[in-house]
Enquirer: 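First the structure, then my questions, so here it is.
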Amino acid sequence: MIHTRGLAHLYRSGRGRNRREVRAVDGVDLDVRPGEIVGLLGPNGAGKTTTMRMLTTSLRPTGGTAVVAGHDVVREPAQIRRRIGYVSQSGGVSSMARAGHEVVDRGLLYGGRSRDVEPRARRLFAELDIEGLWDRTPREMSGGQRRRLDLAMGLIHRPDLVLLDEPTSGLDPQSRANLWQHVRRLRAEHETTVLLTTHYLDEADALCDRIVVVDAGHVIADDTPDALKASVAGDLVDVGVLDPRDADRAAAVLAAAGPLHGATVEVDGARVRRRIPRAATEIPGITRALQDHGIVLASLEVRRPTLEDVFLSLTGRSLREDGAQPLAVEPEPVGVSS
Ligand SMILES: Nc1ncnc2c1ncn2[C@@H]1O[C@H](COP(=O)(O)OP(=O)(O)OP(=O)(O)O)[C@@H](O)[C@H]1O
């Protein structure tokens, strides 16, 4: 459904000495199969929105190729626009029009018949829990309600591929969960393909079949959430020894466990920690080795890795330190464009 090779965009602004160039997307290879839900995950400024805008044909690539729904983004933008739904970050719903009318108009604009479009719009409003807002203008809605109206706008023409740019930004946890459910239903009932951007790790984890981690315009990892966590971050094994003098020897035991790129052993008093791939299979060997060395265990904890650990392990930085917003954020002005 989406195939890009070496996709790139270089923003140029200013003139002469003030000339500035930003290589926002720098050689991205991305493949999304029909029916997949794929998340582009990365910190602020990673190039997610720029990638989305190229895929939705609102921004021309400065390098590489992209084929979306079987059409080239540069040569056949009109064909692509008919087949996709795009819910942008900033949106574009007119604040004056009545919500229901605007969604129906959008459906008609895309060639739907009026006897089909209105019932479908009403169903979408019900599914997105905004059924009471049909006659309201977006100006009279909360940020979360407007976000769901954006989705109805992006979905009314039954697109094969939906691109969602930070779809749950500004939503409360309940609304986010509803929206995830809606996205899952789209795929289950209509085999809709979904590409979404997010910097919410829990969202990527809960919703996506596959996560493409981007940083500074590059893809730095591409796999299922579980595979990323297992192969990149490993489980955190935290061993407490009864006698702190044994800590260094316990550290040597942990150091000898399964290899993991960049994994170091930390010693903190009587506690020793290390990331280990698939710890469940390694733990019996570790405990045996500790026993063989006469080291008495006080505690042993294994923590499953999170996607935050994955990002940290890939980049040495925290996704959150890079400016990713916390779960509850102020609603921002929203809308839709296709
Ligand atoms: N119109 C523009 N002109 C110049 N630079 C831009 C423009 N739009 C984006 N950029 C820069 O390109 C880089 C990538 O931006 P982009 O919006 O694609 O990132 P993002 O991953 O979507 O970030 P966010 O999570 O904050 O939405 C950033 O350094 C940004 O400052």
Side-chain angles (χ1 to χ4, degrees), residues 2 4 6-30 32 38-64 66 68 73 84 86-92 143 146-147 150-151 154 162-171 176 179 194-205 207-208 210-222 228 307-308 310-312 314-315 317-337:
I2 297 175
T4 75
L7 188 65
H9 190 83
L10 179 70
Y11 288 108
R12 290 195 176 94
S13 58
R15 289 200 180 157
R17 244 190 265 154
N18 294 328
R19 192 177 165 81
R20 223 171 74 85
E21 290 190 343
V22 178
R23 203 168 287 283
V25 176
D26 194 10
V28 163
D29 294 350
L30 178 68
V32 179
V38 175
L40 278 183
L41 177 77
N44 290 131
K48 305 181 295 294
T49 298
T50 304
T51 303
M52 281 288 205
R53 292 184 61 214
M54 288 191 280
L55 297 176
T56 55
T57 77
S58 57
L59 184 70
R60 206 181 157 95
T62 55
V68 176
V73 290
I84 65 170
Y86 176 38
V87 178
S88 72
Q89 238 180 81
S90 52
R146 281 201 302 268
R147 199 70 189 132
D150 291 339
L151 274 169
V162 181
L163 297 108
L164 308 172
D165 199 356
E166 295 188 14
T168 59
S169 163
L171 297 191
R176 294 176 72 212
L179 199 133
V194 180
L195 178 68
L196 60 96
T197 71
T198 186
H199 41 221
Y200 293 134
L201 297 150
D202 58 338
E203 180 158 288
D205 209 357
L207 194 55
C208 299
R210 197 149 58 78
I211 296 176
V212 178
V213 186
V214 287
D215 188 31
H218 298 279
V219 172
I220 55 172
D222 178 351
L228 280 177
L307 286 175
E308 172 67 24
V310 171
F311 192 79
L312 190 66
L314 287 168
T315 66
R317 286 175 291 121
S318 158
L319 194 64
R320 299 222 175 273
E321 277 165 16
D322 270 69
Q325 295 161 23
L327 210 96
V329 292
E330 280 300 301
E332 48 186 43
V334 286
V336 68
S337 58

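Heads up: numbering here begins at 1 and tracks the sequence. Just so it is clear, the structure is predicted and the values come from calculations on it, not from any experiment. Start at 1 and go down the list; that is how both ligands and their atoms are numbered.
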Enquirer: Closer than 3.5 angstrom, by distance alone: can the side chain of T197 be matched with the main-chain N or O of E166 as a donor-acceptor pair?
Expert: yes
Enquirer: Under a 3.5 Å threshold, yes or no: a donor from one side chain and an acceptor from the other, between S58 and Y86?
Expert: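 The criterion, which ignores hydrogens and geometry beyond distance, is not satisfied for Y86 and S58.
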Enquirer: Provide the closest heavy-atom pair for L41 versus Y200 in the form atom of the first, atom of the second, distance.
Expert: CD1-O, 4.3 Å
Enquirer: Would you please name every residue forming a side-chain contact (heavy atoms from CB on, under 4.5 Å) with R12, sequence neighbours left out?
Expert: L10, R19, E21
Enquirer: For ligand 1, list all ligand N or O to protein N or O distances below 3.5 Å, rounded to 0.1 Å.
Expert:
unit_1   : atom_1 : unit_2 : atom_2 : d
ligand 1 : 18 (O) : T50    : N      : 2.9
ligand 1 : 18 (O) : T50    : OG1    : 2.5
ligand 1 : 19 (O) : G47    : N      : 3.2
ligand 1 : 21 (O) : A46    : N      : 3.0
ligand 1 : 21 (O) : G47    : N      : 2.9
ligand 1 : 21 (O) : K48    : N      : 2.9
ligand 1 : 21 (O) : K48    : NZ     : 2.9
ligand 1 : 22 (O) : T49    : N      : 2.8
ligand 1 : 22 (O) : T49    : OG1    : 2.8
ligand 1 : 23 (O) : G45    : N      : 2.7
ligand 1 : 25 (O) : N44    : ND2    : 3.2
ligand 1 : 25 (O) : K48    : NZ     : 2.8
ligand 1 : 25 (O) : E166   : OE2    : 3.2
ligand 1 : 26 (O) : N44    : ND2    : 2.8
ligand 1 : 27 (O) : Q89    : NE2    : 3.1

Enquirer: Sequence neighbours left out, what passes side-chain contact (heavy atoms from CB on, under 4.5 Å) with R15? Give chain and number order.
Expert: none
Enquirer: Applying salt bridge (Lys or Arg N to Asp or Glu O under 4.0 Å), name anything that partners R20, two or more places apart in sequence or on another chain.
Expert: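 If we apply the salt bridge (Lys or Arg N to Asp or Glu O under 4.0 Å) test to R20, skipping adjacent residues, there are no hits.
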